[in-house]
Structures are given as structure tokens and as C-alpha cells.
Asks: 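The structure's right below; bear with me while I get my questions together.
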Amino acid sequence: MNNGPVVVAFCCNYCSYEAADRAGSAKKNYPENLRIIRVPCSGRVEPEFIVKAFENGADGVMILGCHPGSCHFKTGNHKAYRRYLLLKEILRAAGIDEERVKLDWVGASEDDKLVRVSTEFVEKIRELDTGGG
């Protein structure tokens, strides 16, 4: 049983969720405390979803979407980026360290990148929780 931080990852159905599926199928090791939630598009992740994740015990939250210019819905990842900037303001106002939220772009074939960014983020959250960061 892992006692590490719980990280929720909102993953775009067409890119980052596919990368997570590929990583799992290839038996690549990514953090077992990563809780993946598939969303139609990173642009559909409302700031309220992030706040709710924290209210329900998440130690960190990731939003992972298609690379700019590759969005299935054309501009969803641009919307995600704008919401991410707004979210950082909301978190500051709520007293939540904005380093506990990460936005990144992970393509469908980038299973190695998904493993790397999720592992690095979980380690960062672990450091924040232990006072090391």
C-alpha cells in the first residue's frame, strides 16, 4: 500500500488518456497514487473540478491535454490554458499553493512523457508535503 500523495489527473480522451492507456498496456511504471479521470477535452475541465478534487482529498491535480494545434476540438487546449491561469488566481485566494496544480501537453503516442511528468509531479507534491519544497 502506498502512503504517498494522491494526485488527480484530468486527461484528454484523445491524447493524454490514450498515452496513459499505452503506458499501462506496455506495463510502464507510473505512480500508483495517480488517479486518472478521462475528460472529452482539457478545455472542458472547469476550475470547480480542481477545487472539488482538493476538497475530496487530492494533494495535487494535473490537467493533461493535446499539444497546441493538435486539439480534436481545435481550441480546447487554448481554453484549458486560459482557465489554468484563472485557476491559479482562485487557488491563491483559497490559500492553496498553486504549485499543486500542473498543466501539460501529452500526445497520444507520448506514453514515456506521461510517465515522466506524472512521476515528477508526484515527487514535487511529496516534497511540498514534507516541507522540502
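The structure presented is a predicted model; accordingly, all values stated were derived computationally and were not measured.
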Asks: Calculate, to the nearest 0.5 Å, the distance between atoms CD and CG belonging to E110 and D104 respectively.
Replies: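 Reported to 0.5 Å precision, the distance equals 9.0 Å.
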Asks: Can a donor-acceptor pair be found, under 3.5 Å and without considering hydrogens, that links the side chain of S16 to the backbone of L64?
Replies: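 Yes.
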Asks: I'd like to check the salt bridge (Lys or Arg N to Asp or Glu O under 4.0 Å) partners of K79; sequence neighbours left out, ordered by chain and number.
Replies: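 None.
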Asks: With sequence neighbours excluded, what pairs up with E98 under the salt bridge (Lys or Arg N to Asp or Glu O under 4.0 Å) test?
Replies: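 Salt bridge (Lys or Arg N to Asp or Glu O under 4.0 Å) check on E98 returns K88, R92.
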Asks: Taking 4.0 angstrom as the limit, do R38 and D21 come out as a salt bridge?
Replies: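 A salt bridge is absent here (no side-chain N lies under 4.0 Å from a carboxylate O).
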Asks: Starting from the C-alpha separation in whole Å, work towards a yes-or-no answer on side chain to side chain contact (heavy atoms under 4.5 Å, CB included) for M62 and V8.
Replies: CA-CA 6 Å; M62 299 175 73; V8 173; over 6 Å; no
Asks: Filter on side-chain hydrogen bond (donor to acceptor under 3.5 Å, both in side chains), then keep only pairs touching residues 49-66, sequence neighbours left out; what's left?
Replies: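 Matches after skipping sequence neighbours: none remain.
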Asks: What pairs of residues pass the ring-ring contact (aromatic ring centres under 6.0 Å, His included) test when at least one of them lies in residues 52-72, not counting sequence neighbours?
Replies: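 Every ring-ring contact (aromatic ring centres under 6.0 Å, His included) pair that includes a residue of residues 52-72, provided the two are not neighbours, is Y14-H72.
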Asks: Would the distance check show the side chain of R83 and the main-chain N or O of G43 forming a donor-acceptor pair, the cut-off being under 3.5 Å?
Replies: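 The answer is yes, because a donor-acceptor pair under 3.5 Å joins these two groups.
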Asks: Can you name the residues that form a side-chain contact (heavy atoms from CB on, under 4.5 Å) with T119, not counting sequence neighbours?
Replies: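 With sequence neighbours excluded, T119 shows a side-chain contact (heavy atoms from CB on, under 4.5 Å) to P31, V115, given in chain and number order.
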Asks: Okay, side chain of S70, backbone of C66: is any donor-acceptor separation there less than 3.5 Å?
Replies: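 It does not hold such a pair.
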Asks: List in chain and number order the residues that pass side chain to side chain donor-acceptor pair (under 3.5 Å) with D97, two or more places apart in sequence or in another chain; answer none if no residue qualifies.
Replies: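 If we apply the side chain to side chain donor-acceptor pair (under 3.5 Å) test to D97, skipping adjacent residues, there are no hits.
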Asks: Quick check on the hydrophobic clustering: are F49 and L86 connected, directly or via other members, by side-chain heavy-atom contacts under 4.5 Å?
Replies: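 Looking at the clustering, L86 is in a separate group from F49.
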Asks: Give a yes or no on whether L114 and F10 share a hydrophobic cluster (residues Ile, Leu, Val, Met, Phe, Trp, Tyr; joining criterion: side-chain heavy atoms under 4.5 Å apart).
Replies: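 Different clusters.
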Asks: Just verifying a value: how many Å separate T75 OG1 and Y81 OH, rounded to the nearest 0.5 Å?
Replies: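 Answer rounded to 0.5 Å: 15.5 Å.
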Asks: Would V117 and Y30 show up in the same hydrophobic cluster when neighbours are defined by side-chain heavy atoms closer than 4.5 Å?
Replies: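 In one cluster with V117: Y30, yes.
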Asks: Please check if I37 and V106 belong to a single hydrophobic cluster, counting links between Ile, Leu, Val, Met, Phe, Trp and Tyr side chain heavy atoms closer than 4.5 Å.
Replies: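 They do not share one cluster, since no chain of ILVMFWY contacts under 4.5 Å joins I37 to V106.
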Asks: Should the pair R126-E123 be classified as a salt bridge under the 4.0 Å nitrogen-to-oxygen rule?
Replies: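 Salt bridge: yes.
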